[in-house]
There are 2 protein chains.
Amino acid sequence: ASLADQPAFDKAAFEAMIPERHRAFVEEVLERYRVPKLPAGESPYEGLLAWTHAGARSQVEIALAHPIRLLVNALGTPPRDVIDQVHARGVQVAALCGSVEHARRHVEAGVDIIVAQGSEAGGHTGEIGTMVLIPDVVDAVAPRPVLAAGGIGCGRQIAAALALGAEGAWMGSVWLATTESDLHPVAMTKVLQATSRDTVRSRSMTGKPARQLRTRWTEAWDDPASPGPLPMPLQFLLNADATTRIHRYAHLETSGAKELVGTPIGQIVGRMSRVRPVRELVHEMMTEFVDAVARVHALLEE
Amino acid sequence: ASLADQPAFDKAAFEAMIPERHRAFVEEVLERYRVPKLPAGESPYEGLLAWTHAGARSQVEIALAHPIRLLVNALGTPPRDVIDQVHARGVQVAALCGSVEHARRHVEAGVDIIVAQGSEAGGHTGEIGTMVLIPDVVDAVAPRPVLAAGGIGCGRQIAAALALGAEGAWMGSVWLATTESDLHPVAMTKVLQATSRDTVRSRSMTGKPARQLRTRWTEAWDDPASPGPLPMPLQFLLNADATTRIHRYAHLETSGAKELVGTPIGQIVGRMSRVRPVRELVHEMMTEFVDAVARVHALLEE
């Protein structure tokens, strides 16, 4: 079991595991881009998200205190006792996967719905493309239902996902460019201008490969001068202060912080060129989906 | 213009550009895997494929001497004068691309059919997944027809390609595991056993990123001890002798040559688990295609 599996393992112990060389590298990058320090008394964003068992289990408790129908795990197979606890409350469990092996492990643990996520996706993602992954996973876990994720943001892509054998589509990135989104304004500007080539799978954010906008931050960690990202959850912890400073000072004319602002996002960022209400986006997706299905079906009748 | 653009530039001049360090590295890998030298008088596979303008233009001449309908370029935009020459013979021109920028360049040069190839593909391929690339390219070059490539090897994937807006599917890897294939027997055994995770985009074969089976050869070039692949066409030329020796001695019990045998192939290698006649494969694809389209269309009627 890794250190993150030990509920009693606290933040100070993780902090102590971060090499001085890594702290110095982060500070050097921030200085190079003239990112000021936080004002006295202001704290960086804290927390290890759900990347320790203690953190994840407390989030499950919070989720189950609400009238939910589905609980979804993004990274790894949920522990069997957590799945049993969730099932006992009449709630279904889904989990993301990037390979057939991950999908089989989810099914063995009792996961109800598999979300197969191709390499095109934003955030933590593997190397197998959606086109290949979906039929592979559908065949491996049948009759367990599979949702397709990765590179899905328009109606034609939803139709393709269903043609591949998925029961539905799971979308993330596309909601970032909506009026309902709380994305940082500087990141939003970058998202609206980015093409499908402007993302990169990088360990610089969390320690595991996650697709995100390519920025001077991801480039700095790819540079030969970089000490290399730390394993999860240390990399995220190492970045906490830097991330807060970068976002806080991105608007400052005298700072290069804006060069460092990024966001997890998938390759469909290239289709996202204006901010729209979710309602409008969904309506357009559904119209395009129906058109795509009708167009392909018409080929059968020719 | 690069050296490869100069028709008069001959093989000896390319040979002279290969650093001694790279020759020594190749020989060291071959010795480590106990790959014998070629018998006296036997020559390695020669030629630079079509990676010089002189070579490519002579291949166009040969192609046009046959009663063909379509000529397809795999790497880069064909020169405008070649396209004009082909068109003058009533033959259409297609070209592969991995991004919207490539597709636009093809259209400007006069290419008739764009083959948009996602990252899942075997051989030279980019980083954008098929699910994202196809609608991007279709929208960028409409009404020019687009064929979808990358990760297509079964009927559901053909249906998905058409749903994404392609006029058809372009398949390569899937034909390798057929009775009609001339794939090296050791590579065939590896192909039948490989999963979708067993490929890698590597510059070790040609100098440009090409998806292929992960082998001890691709790993050797990823190793910190590697001098790094040379630019195209030097890397392929550097490998000529090694490739011939590896394939020739792959069956030798005393040699580790079999560990080094690979083949360009896409991520659908995971679906290729037995050798079948092309006729049977196509029939199965068509049946699955019709089923997939009918299944998705039935959702509209619910």
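In this text the structure is predicted, and so the values were computed from the model without any measurement. Letters A, B, ... mirror the listed sequences (proteins, then strands); counts begin at 1.
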**Item:** B/Arg197 side chain to A/Ile128 backbone, donor-acceptor under 3.5 Å
**Value:** no
**Where A/Ala292 and B/Ala163 come nearest, the two heavy atoms and their spacing** = CB-O, 3.8 Å
**Message:** So does B/Pro135 get a backbone contact from the side chain of A/Gln157, meaning a donor-acceptor N/O pair under 3.5 Å?
**Reply:** no
**Request:** For B/Met131 and A/Gly151, work out which heavy atoms get closest and say how close.
**Result:** CG-O, 3.3 Å
**Fill in**
Assert top hit (heavy-atom pairs under 4.5 Å, partner chain A, pool B/Thr195, B/Asp136, B/Val100, B/Leu299) equals B/Asp136
**Heavy atoms from other residues, nucleotides or ligands near CZ of A/Arg216 exceed 12 (cutoff 6.0 Å)** = no
**Asked** Around A/Glu127, counting heavy atoms of other residues, nucleotides and ligands shown, do more than 12 lie under 6.0 Å from its CD?
**Response** no
**chain B contact via A/Leu300 - side chain, backbone, both or neither, heavy atoms under 4.5 Å** = side chain
**Fill in**
Looking only at B/Ile158, B/Ile152, B/Asp139, the option with the highest number of non-hydrogen pairs under 4.5 Å against chain A is B/Asp139
**Request:** Using the test salt bridge (Lys or Arg N to Asp or Glu O under 4.0 Å), find all partners of A/Asp291 that sit at least two apart in sequence or belong to another chain.
**Result:** none
**Request:** Find the one option among A/Gly118, A/Cys154, A/Gly129 whose heavy-atom pairs under 4.5 Å with chain B are most numerous.
**Result:** A/Gly129
**Message:** Going by salt bridge (Lys or Arg N to Asp or Glu O under 4.0 Å), name the residues that satisfy it together with A/Arg276, two or more places apart in sequence or in a different chain.
**Reply:** A/Glu280, A/Glu284
**Asked** So what's closer than 4.5 Å to chain B heavy atoms on A/Glu120: side chain, backbone, both or neither?
**Response** side chain
**Request:** Measure distances from B/Glu101 to the heavy atoms of chain A and classify the residue's part below 4.5 Å as side chain, backbone, both or neither.
**Result:** side chain
**Which atoms of A/Val138 approach chain B - backbone, side chain, both or neither, heavy atom under 4.5 Å** = side chain
**Request:** Identify which part of A/Ile134 has an atom lying under 4.5 Å from any heavy atom of chain B, answering side chain, backbone, both or neither.
**Result:** neither
**Request:** Check whether any side-chain N or O of A/Arg295 sits under 3.5 Å from a backbone N or O of B/Leu162 as a donor-acceptor pair, and report yes or no.
**Result:** yes
**Item:** A/Lys190, NZ: over 12 other non-hydrogen atoms inside 6.0 angstrom
**Value:** yes
**Item:** Side chain / backbone / both / neither for A/Ser119 at chain B, heavy atoms under 4.5 Å
**Value:** neither
